Amino acid sequence: MNVLPSPTKSALKAPHMALSHADLSRLMPMHLMISSSGAIISMGPTVPKLGLDGDLTGKGFFDLFDITRPRNITQYQDLANSDGGRLKLRLRQAPHLPMTAIAVPNGNGDGLLLNLSFGFSVVDAVQTFDLTCGDFAATDLTVEMLFLLEAKSAAQTEQKRLNERLQSA
Amino acid sequence: MHGLINRSIQCFIRDTYGEDLWQEIAQTAHLPVQGFEAMLEYDDDVTLGMLDAVSRRRKKSRDAVLEDVGTYLVTHTNTRPIRRLLRFGGETFVEFLHTLDDLPDRVRLAVPDLQFPRLDTAEPLPNQVEVRLSGAEPEFGFVLMGILRALADDYGALVFIDHSLHPKDGIIVSINLLDTAFAEGNAFSLGTSRVKENAV
């Protein structure tokens, strides 16, 4: 058996890696890259489907989104200085669909990478924006969750019918 | 047999051949005239008796009746929820076939006490998928064949599906993909989740 040379400690350190836009989009179809001026540089393929017409590149992130938590994040610096925890935000044109996001520095020190997702609003969101399986990452359990919800509601309907029959018996 | 299966066959008879034939079959095969309860368990003989009665009355082999039941589950308006749950399996028919191994798990999520045979898929040749059913009643293979044929149609794929019984391996359903984008296919959207069930 071949024994691999034991790697030095420095080789085991998580590498600082660069990902292509295409790979990033496969991992996070709902990501956004924003510049230090708050302008959108690029985005995953699902983002334009969220009722956002036209080319989003160059548009201001805060013109499209409204961060509701933590409070008082209204411009790029606020976001860059925040604690990096979970963000609650809304699309300005679909405020009834709250979203969750996380923002991390883009690695060059001149912008942020945000990964967006729907929380409990996902059921309404897929309906509103007509999203499909391919709009979510392969590892995302959203589709499984939707399946479960639908299966549950079908079973519940059957249960209700049985109860009604028992009631009238 | 799980009541859901009996109820599906009952609805198949009623929706395909009419209420009168269901009443007639219920009487000749001594079935509950008001119909089956989806949440109860019934003796296997009840199910087989019902299938034989349809087969005699419609002069069709039992296998053909079973395949029709499979087709009914995917295509009829009263079974829309089932078609939708199946379509969650993949965006294309090929993708659906690749997730077929997961189907028993999906079914278990929906109906925890429904006995569903294990499905093992293999690809012996390009554009060919073989599904092996372990520990399944032979009847199940025909229902699966009906489901797959109807689903292929729903996805707009042109396929050739065959069913064989091997002494060692059991039931094998083999699917030959002739054209995966043969027709437009029916629309499926994750979002139309307001499940409209009529009288399933």
Side-chain angles (χ1 to χ4, degrees), chain A residues 25-26 29-30 45-47 49-51 91 94 96-99 116-169, chain B residues 2-8 10-11 32 34-41 73 78-96 98-99 102-114 116 155 185 187-200:
Chain A
S25 296
R26 275 174 56 207
M30 276 180 39
T46 306
V47 179
K49 293 190 170 185
L50 310 179
L91 270 165
H96 61 293
L97 300 172
M99 300 177 82
L116 309 174
S117 84
F118 290 102
F120 288 107
S121 63
V122 69
V123 177
D124 291 328
V126 290
Q127 187 124 17
T128 309
F129 304 126
D130 199 17
L131 302 178
T132 67
C133 307
D135 292 324
F136 298 96
T139 48
D140 188 332
L141 293 178
T142 298
V143 177
E144 278 78 0
M145 197 188 80
L146 293 172
F147 170 88
L148 192 56
L149 272 174
E150 206 156 311
K152 227 186 74 157
S153 80
Q156 230 162 22
T157 313
E158 196 52 52
Q159 189 105 46
K160 229 174 102 189
R161 249 182 231 130
L162 174 61
N163 286 344
E164 278 164 11
R165 277 194 296 273
L166 287 173
Q167 196 105 56
S168 60
Chain B
H2 198 285
L4 200 58
I5 293 175
N6 287 351
R7 186 154 176 84
S8 302
Q10 173 202 333
C11 291
Q34 297 94 332
F36 292 99
E37 281 302 343
M39 306 255 163
L40 296 181
E41 192 74 25
L73 291 176
N78 288 352
T79 55
R80 270 317 185 214
I82 298 176
R83 177 229 171 220
R84 280 193 54 80
L85 290 176
L86 286 165
R87 284 283 302 249
F88 271 97
E91 274 206 280
T92 62
F93 187 61
V94 177
E95 216 180 287
F96 171 84
H98 289 154
T99 59
D102 301 335
L103 190 62
D105 289 328
R106 285 182 178 270
V107 172
R108 218 185 338 270
L109 273 182
V111 191
D113 54 348
L114 181 64
F116 200 91
Y155 274 108
F188 170 73
S189 139
L190 290 178
T192 343
S193 54
R194 310 276 172 267
V195 185
K196 285 189 210 77
E197 290 145 295
N198 298 324
V200 185

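What you are looking at is a predicted structure, and each value in this text was computed from that prediction instead of being measured.
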Under 4.5 Å from any heavy atom of chain B, what part of A:Gln159 do you find: side chain, backbone, both or neither? both
When rounded to the nearest 0.5 angstrom, what distance separates CZ in B:Arg7 from CZ in A:Arg161? 7.0 Å
So which heavy atom on B:Phe88 is nearest to which on A:Val143, and how close? CD2-CG1, 3.7 Å
Below 4.5 Å from any heavy atom of chain B, which atoms of A:Leu146 appear? Answer side chain, backbone, both or neither. both
Please name the pair of heavy atoms, one in B:Ala110 and one in A:Ala155, separated by the smallest distance, quoted to 0.1 Å. O-CB, 4.4 Å
When you measure from the side chain of B:Glu91 to the backbone N and O of A:Thr132, does any donor-acceptor pair fall under 3.5 Å? no
Could you go step by step and tell me if B:Glu37 and A:Arg165 meet the side-chain contact (heavy atoms from CB on, under 4.5 Å) rule? CA-CA 10 Å; B:Glu37 281 302 343; A:Arg165 277 194 296 273; 2.6 Å; yes
Quick one: ring pair (Phe, Tyr, Trp, His ring centres under 6.0 Å) partners of A:Phe136, sequence neighbours excluded? none
